[in-house]
Amino acid sequence: PEPIYRARRQFMQQSLALGTAAVAVGGVATATAKPSFVADADVSSPSWLSQKLAEASADTATLDDKLTPYEHVTSYNNFYEFGYNKDDPAKHSDTLKPHPWNVEIAGEAEKTGSFNLEDILSKVELQERVYRLRCVEAWSMVIPWIGFELGSLLKQFNPTSRANYVAFTTLEDALQMPAQGNAFSTIDWPYVEGLTMAEAMHPLTLLAVGLYGKALPNQNGAPLRLVVPWKYGFKSIKSIVKIEFTQKQPPTSWNILAPNEYGFYANVNPEVDHPRWSQATERRLPSGLFSPNIIDTQMFNGYDEVASLYKNVDLRKNF
Ligand code: MTE
């Protein structure tokens with residue numbers, strides 16, 4: 001139950017604050033070697049992945065926001081490959097087969113090719129990271145992800161000096177993602193996204209393979225998705241099959257669809273409204289009619305450490 005995990009987490013944070021004294025307390029060291037939030041839910045994953053997830057190091061940062069309960073994180077989703085309603089992905093994503101899974105690394109790098117997820121994960125350390133996720137639709141959640149820094153993966157391929165951007169592509173397969181076959185779909189599949197090289201290498205940028213201590217459920221982008229906590233949620237592309245180093249800024253799905261509404265940068269910014277609604281506040285889930293739970297939106301979603309990436313960028317023009 002969540003209160004128990006919260007209490008355990010608080011204990012760990014206090015122990016860490018005690019520094020060397022805590023090291024002497026048996027159990028603390030082992031406690032930090034496991035994710036602090038584990039859902040009761042049963043998400044099937046191959047044994048090599050379950051083991052890897054169990055070894056993830058716990059997040060030791062102190063984020064005061066209350067976690068969004070697991071059932072909300074996994075039932076209120078945007079994953080248009082399975083439909084446009086928030087409950088469609090949870091209802092209809094059983095058709096997605098996340099294992100085995102290959103990721104193609106392409107473009108401006110010395111090393112490229114197709115790599116299976118198990119190999120990719122064998123070369124990285126998994127960590128738990130509790131991040132805010134702010135959707136451009138003005139709702140938000142707080143999610144304990146399990147993943148690894150995207151930069152730690154990208155470095156392994158020795159990107160060349162021409163690698164200015166990183167482009168990402170979601171699986172395209174209408175058998176596994178039925179709404180891709182919908183003739184009325186407005187998105188030109190596959191879903192694509194991109195980051196500048198500096199954004200991709202930033203230590204906050206994560207490739208997630210799990211949440212709440214378990215493998216990613218299909219509706220959250222199994223088996224591998226991007227998480228960029230200072231950007232609107234649509235940048236956090238799900239079920240990635242290709243990562244390409246590019247010289248030019250790559251096309252991105254929402255920008256193709258409505259360039260005046262969704263920019264390439266998509267940094268969370270309470271001062272730049274969406275043309276059709278304000279971005280000054282957000283609905284923190286869970287929220288209801290009688291407890292809407294509206295809070296102020298923070299610049300860069302509260303991740304001020306990324307501000308230096310945009311020193312010379314006009315954030316009104318480059319929204
Ligand atoms: N990735 C793909 N492939 N398809 C999508 O429709 N939706 C995006 C993003 N990644 C989307 C996607 C949007 S709009 C948001 S807000 C987040 O995923 C939602 O992530 P969540 O469902 O895990 O909360």
Side-chain angles (χ1 to χ4, degrees), residues 39 43 67-93 95-96 98 101 103 129-147 167-174 176-180 182 185-195 205-212 214-243 251-258 261-263 266-268 274 279 282-287 297 301:
V43 188
L67 290 183
T68 306
Y70 184 81
E71 59 269 29
H72 293 267
V73 174
T74 58
S75 64
Y76 188 94
N77 299 101
N78 279 338
F79 201 169
Y80 296 110
E81 286 86 338
F82 298 101
Y84 285 100
N85 296 320
K86 294 286 183 269
D87 57 354
D88 280 339
K91 279 187 191 155
H92 304 305
S93 59
T95 43
L96 176 63
W101 192 267
V103 180
R129 296 271 184 103
V130 179
Y131 281 163
R132 299 178 202 96
L133 174 78
R134 169 56 159 89
C135 178
V136 74
E137 297 165 337
W139 53 263
S140 63
M141 301 195 196
V142 181
I143 303 174
W145 300 106
I146 296 198
F168 304 86
T169 308
T170 293
L171 175 72
E172 183 176 17
D173 178 352
Q176 292 190 63
M177 298 182 154
Q180 287 182 337
N182 185 335
S185 172
T186 46
I187 296 179
D188 188 12
W189 308 111
Y191 192 101
V192 286
E193 257 308 333
L195 296 172
T205 306
L206 216 64
L207 277 178
V209 292
L211 57 84
Y212 270 102
K214 301 283 162 106
L216 281 180
N218 286 356
Q219 60 268 35
N220 293 91
L224 183 73
R225 71 162 301 162
L226 189 64
V227 182
V228 195
W230 72 95
K231 292 181 178 282
Y232 291 121
F234 66 83
K235 299 294 288 182
S236 293
I237 182 173
K238 297 176 168 181
S239 306
I240 297 168
V241 290
K242 186 176 176 187
I243 299 177
T252 57
S253 284
W254 285 97
N255 184 247
I256 297 169
L257 203 64
E261 299 191 5
Y262 310 101
N267 292 318
V268 175
H274 185 277
Q279 293 292 25
E282 66 202 54
R283 207 161 43 87
R284 175 61 57 83
L285 301 183
S287 90
T297 288
N301 207 17

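Remember, it's 1-based here, ligands and their atoms both numbered in the order they're listed.
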### Summary
So the atoms of ligand 1 within less than 4.0 Å of a heavy atom of T170 turn out to be 3 (N)
### Task
Just jot down the ligand 1 atoms closer than 4.0 angstrom to any heavy atom of E81, in number order.
2 (C), 3 (N), 4 (N), 5 (C), 6 (O)
### Message
Closer than 4.0 Å to some heavy atom of L133 - which atoms of ligand 1 meet that?
### Response
24 (O)
### Message
I'd like to check the side chain to side chain donor-acceptor pair (under 3.5 Å) partners of Y232; sequence neighbours left out, ordered by chain and number.
### Response
none
### Query
Got a sec, which residues hit side chain to side chain donor-acceptor pair (under 3.5 Å) with S185, two or more places apart in sequence or on another chain?
W189
### Query
Is it the side chain, the backbone, both or neither of N78 that has a heavy atom closer than 4.0 Å to ligand 1?
both
### Task
Specify side chain, backbone, both or neither for Y80, according to which of its non-hydrogen atoms lie closer than 4.0 Å to ligand 1.
both
#### Entry: Atom pair NZ/OG1 of K242 and T170 - distance to nearest 0.5 Å
12.5 Å
### Summary
Value for CZ (F79) from NE2 (H92), rounded to nearest 0.5 Å, stands at 13.5 Å
### Closest protein heavy atom (residue, atom, distance) for atom 17 (C) of ligand 1
G233 O, 3.5 Å
### Task
Flag R225 as yes when one of its N or O atoms lies below 3.5 Å from any N or O atom of ligand 1, and as no otherwise.
yes
#### Entry: Inter-residue atom distance I256.CD1 - Y191.OH, 0.5 Å rounding
10.5 Å
### Contact atoms of ligand 1, heavy-atom distance to F79 under 4.0 Å
2 (C), 3 (N), 4 (N), 5 (C), 6 (O)
### Task
For atom 5 (C) of ligand 1, grab the closest protein heavy atom and report residue, atom and distance to one decimal in Å.
Y191 CE1, 3.4 Å
### Summary
Candidates Q219, Q180, K238, E193; heavy atom nearest atom 21 (P) of ligand 1 found on K238
### Message
For the CH2 atom of W139 and the OG atom of S287, what is their distance to the nearest 0.5 Å?
### Response
11.0 Å
### Task
Look at atom 10 (N) of ligand 1 and find which of S236, A179, G221, S140 reaches it with the closest heavy atom.
S236
### Message
Can you tell me if D87 has over 12 outside heavy atoms packed within less than 6.0 Å of its CG?
### Response
yes
### Query
In terms of the angle between their ring planes, are W254 and Y262 parallel, tilted or perpendicular, with boundaries placed at 30° and 60°?
perpendicular
### Query
By number and element, which atoms of ligand 1 are closer than 4.0 Å to a non-hydrogen atom of C135?
16 (S)
